[in-house]
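Positions are given from 1 along the sequence. Note that ligands are numbered from 1 as they come in the structure, with each ligand's atoms numbered from 1 the same way.
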Amino acid sequence: MAIAAWRLAQRWCPSYLQVISFPVVQLHMNRAAMTASQKDFENAMNQVKLLKKDPGNEVKLKLYALYKQATEGPCNMPKPGVFDLINKAKWDAWNTLGSLPKETARQNYVDLVSSLSSSLESSSQVEPGTDRKSTGYETLMVTSEGGITKITLNRPAKKNAINVEMYHEIMRALKAASKDDSSITVLTGNGDYYSSGNDLTNFTDIPPGGVEEKAKNSAILLREFVGCFIDFPKPLIAVVNGPAVGISVTILGLFDVVYASDRATFHTPFSHLGQSPEGCSSYTFLKIMGPAKATEMLVFGKKLTAGEACAQGLVTAVFPDSTFQKEVWTRLKAFAKLPPNAMRISKEVIRNREKEKLHAVNAEECSVLQERWLSDECMNAVVNFLSRKSKL
Ligand SMILES: CCCCCC/C=C/C(=O)SCCNC(=O)CCNC(=O)[C@H](O)C(C)(C)COP(=O)(O)OP(=O)(O)OC[C@H]1O[C@@H](n2cnc3c(N)ncnc32)[C@H](O)[C@@H]1OP(=O)(O)O
């Protein structure tokens with residue numbers, strides 16, 4: 001069976017990636033050490049064998065990298081030479097995962113295979129209604145299982161920077177999650193980052209109307225995006241698997257629960273970028289941590305550790321990175337078993353009186369930002385990042 005999968009993989013792989021073999025073979029050697037999640041992992045390997053279409057080199061590299069990370073940990077091989085194209089591509093894919101814990105890699109592997117299984121017409125028989133994967137997302141992985149819809153930001157090579165497509169896809173996924181039969185919704189990131197915030201290349205695609213039109217369109221998009229979080233009707237949980245920057249931090253004030261790995265950091269460097277706060281943080285952060293602490297973050301760009309963010313109320317609980325996924329998902333699975341209508345109505349009672357205020361704050365923040373994006377301070381910061389002169 002393993003050899004058949006390997007042959008299939010070989011058939012899929014065109015020229016320069018031909019030696020990327022699927023890690024099914026090694027998996028069979030590890031059967032003895034199987035745990036519950038190891039079982040899921042093996043099921044995922046079997047799913048791969050049932051795919052009828054080639055998922056493409058990018059996906060195959062992701063599968064390879066996640067397998068290596070899940071079984072061997074962070075990339076420990078010397079970097080291949082520039083002319084060794086195949087091994088360099090594999091090494092790059094693995095190395096991009098940084099210090100992603102083995103358990104997370106295993107989970108991400110399972111999620112990736114699940115999303116492929118639906119989109120590439122798996123021939124396996126999946127019991128209807130037990131484990132649905134949404135297709136048609138380029139920048140996300142979306143799964144719905146056991147009462148939990150999980151939205152995973154999936155641009156790990158770009159530290160899950162949110163490009164225009166991802167803004168739209170997150171809105172679409174949230175709208176779908178608000179209507180599906182899941183009880184709770186989770187947002188998390190694939191790879192070593194939760195998200196590096198707004199993709200700074202968003203500012204480079206200038207329409208015929210020039211930078212003013214770009215700023216206007218961006219403000220409209222941002223307002224709609226944040227509005228989806230304000231209005232989201234079910235319990236919304238952030239599983240912050242690694243560092244979070246910019247808008248991925250500010251919208252946390254609109255989540256109901258925020259769980260963080262102790263590897264996560266929280267950074268809103270708006271002044272450094274010539275920008276101003278969004279995601280309703282100019283209101284929610286003040287309520288959560290008081291004006292002085294909020295000012296340190298939002299005006300002076302102080303980066304918080306997960307422990308500090310928890311002490312200040314932005315984060316609900318922090319877990320050691322090594323047990324993060326296990327501990328968090330145990331909790332989430334228990335929450336998902338609670339009566340869904342009671343949870344939705346309780347959220348409504350807690351949040352509804354603030355909604356109008358939040359929409360007004362959102363509108364004001366977007367209008368201020370629309371001006372900021374046209375400032376020299378902002379344009380210089382973006383140019384400096386894009387010309388590799390500065391990072392956070
Ligand atoms: C519609 C518009 C709405 C706007 C809403 C307003 C939102 C505001 C914000 O979110 S402000 C925050 C913006 N984010 C940043 O300024 C982060 C910029 N990134 C960095 O400083 C660094 O990349 C880092 C500290 C996050 C990580 O550093 P490091 O570990 O050294 O990794 P790399 O820099 O090599 O990154 C790998 C790869 O990812 C690309 N990348 C990372 N972050 C972004 C980003 N925010 N935008 C675009 N690209 C990003 C980086 O360029 C590398 O790409 P490459 O491999 O070189 O192709």
- request: Answer yes or no for atom 37 (C) of ligand 1: protein heavy atom present at a distance under 4.0 Å?
  value: yes
query: Which protein heavy atom lies closest to atom 13 (C) of ligand 1, and at what distance to 0.1 Å?
result: Asn198 O, 3.6 Å
- prompt: Considering only protein heavy atoms, which is closest to atom 57 (O) of ligand 1, and at what distance to one decimal place?
  reply: Arg388 NH2, 3.0 Å
query: For Ile247, is at least one N or O under 3.5 Å away from an N or O on ligand 1?
result: yes
message: Checking a contact table here: which protein heavy atom is nearest atom 32 (O) of ligand 1, and how many Å away?
response: Lys159 CE, 3.3 Å
- prompt: Should one rank Asn163, Leu200, Leu221, Thr96 by closest heavy-atom distance to atom 1 (C) of ligand 1, which comes out on top?
  reply: Leu221
- prompt: ligand 1 versus Leu273, non-hydrogen atoms closer than 4.0 Å: side chain, backbone, both, neither?
  reply: side chain
statement: Closest to atom 51 (C) of ligand 1 among protein heavy atoms sits Phe385 CZ, 4.2 Å
field: Geometric N/O contact Leu392 with ligand 1, under 3.5 angstrom
entry: yes
- line: When every non-hydrogen atom of Leu338 is compared with those of Met343, the smallest separation belongs to O-CE, 3.6 Å
task: Give the residue and atom name of whichever protein heavy atom lies nearest to atom 28 (O) of ligand 1, and the separation in Å to one decimal.
output: Lys391 CD, 3.9 Å
- prompt: Taking N or O atoms only and a 3.5 Å limit, does Ser218 qualify as a polar contact for ligand 1?
  reply: no
message: Suppose we screen for ring-ring contact (aromatic ring centres under 6.0 Å, His included). Which residues come up paired with Phe225, at least two apart in sequence or across chains?
response: Tyr167, Phe229
task: State which residue, out of Thr201, Leu200, Thr139, fulfils the side chain to side chain contact (heavy atoms under 4.5 Å, CB included) condition with Asn163.
output: Thr139
message: I'd like to check Ser195 versus Lys159 (side-chain heavy atoms, cut-off strictly below 4.5 Å). Are they in contact?
response: no
- prompt: Are side-chain heavy atoms of Glu169 and Val142 found at a separation under 4.5 Å?
  reply: no
task: Note the single closest protein heavy atom to atom 56 (O) of ligand 1, along with its residue, its atom name and the distance in Å.
output: Lys158 NZ, 4.3 Å
task: For Glu278 and Leu222, indicate whether the former's side chain and the latter's backbone hold a donor-acceptor pair under 3.5 Å.
output: no
message: At under 4.0 Å between heavy atoms, is it the side chain or the backbone of Leu222 that contacts ligand 1, or both, or neither?
response: side chain
- prompt: Hey, which atoms in ligand 1 end up nearer than 4.0 Å to a heavy atom of Ala161?
  reply: 44 (C), 45 (C), 46 (N), 47 (N)
task: Identify, for atom 8 (C) of ligand 1, the protein heavy atom at the shortest distance, and state residue, atom and that distance.
output: Glu278 OE2, 3.2 Å
More than 12 heavy atoms from other groups under 6.0 Å of CZ on Arg172: yes
query: Can you find a heavy atom in the side chain of Met171 that is under 4.5 Å from one in the side chain of His168?
result: yes
- prompt: So, Asn154 and Thr152: side-chain donor and acceptor under 3.5 Å apart, yes or no?
  reply: no
- prompt: Closest non-hydrogen protein atom to atom 14 (N) of ligand 1, residue and atom name please, with distance?
  reply: Ser196 O, 2.9 Å
query: For Lys357, does the NZ atom have more than 12 heavy-atom neighbours from other residues, nucleotides or ligands under 6.0 Å away?
result: no
statement: Taking only non-hydrogen atoms of Gly197 and a 4.0 Å limit, the atoms of ligand 1 in range are 10 (O)
message: Under 4.5 Å between side-chain heavy atoms, counting indirect links through other Ile/Leu/Val/Met/Phe/Trp/Tyr residues: same cluster for Ile247 and Phe255 or not?
response: yes
Solution key, residues 369-382 side-chain donor-acceptor pairs under 3.5 Å, sequence neighbours excluded:
from, atom 1, to, atom 2, distance (Å)
Arg372, NH1, Gly274, O, 2.9
Arg372, NH1, Glu377, OE1, 2.8
Trp373, NE1, Gln275, OE1, 3.3
Ser375, OG, Arg372, O, 2.6
Ser375, OG, Cys378, N, 3.2
Asn380, ND2, Asp376, O, 3.2

- request: Just go through Tyr193, Phe203, Tyr167, Trp373 and tell me whose heavy atom is the nearest to atom 24 (C) of ligand 1.
  value: Tyr193
task: Have a look at ligand 1 and work out which part of Ala157, if any, has a heavy atom under 4.0 Å from it: side chain, backbone, both or neither.
output: backbone
